[in-house]
Amino acid sequence: MKQPSRQARWERRTQVPLLVLAVAFAVAYAVPIVAPDAGPGVHRACTHAEWAVWAAFAVDYLVRLGLSADRRVFVRTHWLDLAAVVLPLVQPLRLLRLVATLMLVGRRARMAPQVRLTTYVAGAVVGLLMFGSLAVLSVERDAPRGNIKNLGDAVWWSFTTMTTVGYGDHSPTTGLGRLIAVGLMLSGIALLGVVTANIAAWFIARFERDDQVERLQLAVLRELQDEVRALRGEVARLGDGGGDRGDGGGDGSGVGGGSGPGPMPAQAAAGPPPSCADQAGVTSPTP
């Protein structure tokens with residue numbers, strides 16, 4: 001049995017801690033935006049927590065890079081993790097690390113394809129809604145002509161933007177807010193495409209599996225028919241051989257297997273021998 005690599009063992013051990021850190025980062029990011037009137041100690045603690053989580057992400061990436069067999073391939077295939085570490089701690093962009101970490105944890109999880117897709121979609125929807133709502137609220141709250149002033153308006157705007165409905169009752173007015181809107185719209189379209197493609201693939205796989213089962217059943221039926229034909233031929237050959245042996249045994253005369261009586265002797269067929277008087281020509285007188 002092949003042993004898992006050191007990188008795989010490290011990723012398995014850090015899966016749950018990374019998820020906990022991602023949730024902690026989301027809380028630390030959301031508190032200053034949702035409660036802007038909180039004391040300076042709360043804002044300072046949230047900032048320290050964000051830096052601590054960022055450092056943990058950076059250490060995790062560097063450790064996995066050092067444990068990988070081919071570092072170039074690792075960088076090329078884990079660009080999202082690299083982006084989550086390299087992105088500066090800019091106010092509207094720092095929550096991208098939460099989305100990246102959720103995707104990373106989902107990619108490491110060992111689950112069935114349908115469960116994995118459900119986890120991806122649910123995590124992506126929650127993460128993007130949170131990212132969009134908090135990010136647009138942080139940049140639109142103090143805008144002169146902004147109309148997104150509280151968290152409820154921000155969440156409603158994120159829902160309508162991700163689903164590409166766009167009622168128009170709330171919309172960003174700043175350049176950064178519109179950039180966030182573009183990202184949410186593209187993400188919503190991508191998620192819808194992923195879900196639609198997975199449903200279609202599931203139906204196709206189900207039909208192919210049913211066709212395969214039907215083909216196997218037909219093959220078994222053909223084998224059974226061939227066996228029945230072979231048995232019928234064998235029974236017919238055995239019947240023909242038994243009839244030939246019975247006809248040959250019935251032709252014997254007297255001795256052997258004949259069932260009927262043999263021919264009678266010639267003397268018995270001619271009757272009893274004549275008496276002495278008959279031979280002398282004298283007949284007995286009639287009374």
Side-chain angles (χ1 to χ4, degrees), residues 14-64 79-106 122-162 169-188:
T14 57
Q15 176 177 336
V16 176
L18 279 179
L19 181 60
V20 174
L21 289 176
V23 175
F25 183 88
V27 173
Y29 176 83
V31 167
I33 298 175
V34 176
D37 299 333
V42 175
H43 288 267
R44 193 180 308 111
C46 293
T47 303
H48 292 165
E50 292 173 4
W51 277 107
V53 173
W54 178 85
F57 291 161
V59 170
D60 173 72
Y61 182 84
L62 293 177
V63 170
R64 289 188 292 124
W79 61 269
L80 185 61
D81 306 338
L82 179 62
V85 174
V86 173
L87 279 176
L89 206 60
V90 179
Q91 188 75 4
L93 298 180
R94 53 188 176 178
L95 197 62
L96 286 176
R97 287 200 296 277
L98 172 62
V99 180
T101 305
L102 290 176
M103 296 182 67
L104 173 64
V105 173
V125 168
V126 173
L128 289 173
L129 281 175
M130 184 182 297
F131 162 73
S133 301
L134 297 177
V136 78
L137 181 61
S138 64
V139 299
E140 292 290 328
R141 172 183 288 161
D142 299 328
R145 294 180 297 127
N147 52 28
I148 301 176
K149 300 297 184 180
N150 54 59
L151 185 60
D153 293 341
V155 173
W156 170 252
W157 172 84
S158 296
F159 267 110
T160 57
T161 303
M162 280 192 65
D169 51 350
H170 297 285
S171 61
T173 57
T174 62
L176 191 55
R178 291 171 180 173
L179 183 62
I180 296 172
V182 171
L184 280 180
M185 285 186 284
L186 294 178
S187 301

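Below, all heavy atoms of this structure are taken into account, side chains as well, without hydrogens, waters or symmetry copies. The first residue in the sequence is number 1, and the count goes up from there.
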Quick one: does any side-chain atom of [X] pair with a main-chain N or O of [Y] as donor and acceptor, under 3.5 Å?
X: His170; Y: Ala154; result: no
X: Thr160; Y: Trp157; result: yes
X: Thr161; Y: Ser158; result: no

Smallest separation among heavy atoms of [X] and [Y], with atom names:
X: Ser171; Y: Asn147; value: O-OD1, 2.9 Å
X: Glu140; Y: Gly146; value: OE1-CA, 3.9 Å
X: Cys46; Y: Ala28; value: CB-O, 3.4 Å
X: Leu128; Y: Ser187; value: CD1-CB, 3.4 Å
X: Tyr29; Y: Ser138; value: OH-OG, 4.5 Å
X: Val136; Y: Ile148; value: CG2-CD1, 4.0 Å

- [ ] Could you tell me whether the side chain of Val34 reaches within less than 4.5 Å of the side chain of Leu134, counting heavy atoms only?
- [x]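 Yes, their side chains come closer than 4.5 Å.
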Open item on the list: Contact between Val155 and Leu129 at the side-chain level, heavy atoms closer than 4.5 Å - yes or no?
Closed with: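 Contact flag for Val155/Leu129 side chains = no.
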Just how far is it from atom [atom1] of [X] to atom [atom2] of [Y], taken to the nearest 0.5 Å?
X: Phe57; Y: Thr14; atom1: CZ; atom2: OG1; value: 11.0 Å
X: Thr174; Y: Arg141; atom1: OG1; atom2: CZ; value: 13.5 Å
X: Lys149; Y: Leu137; atom1: NZ; atom2: CG; value: 9.5 Å
X: Ser133; Y: Ile180; atom1: OG; atom2: CD1; value: 10.5 Å

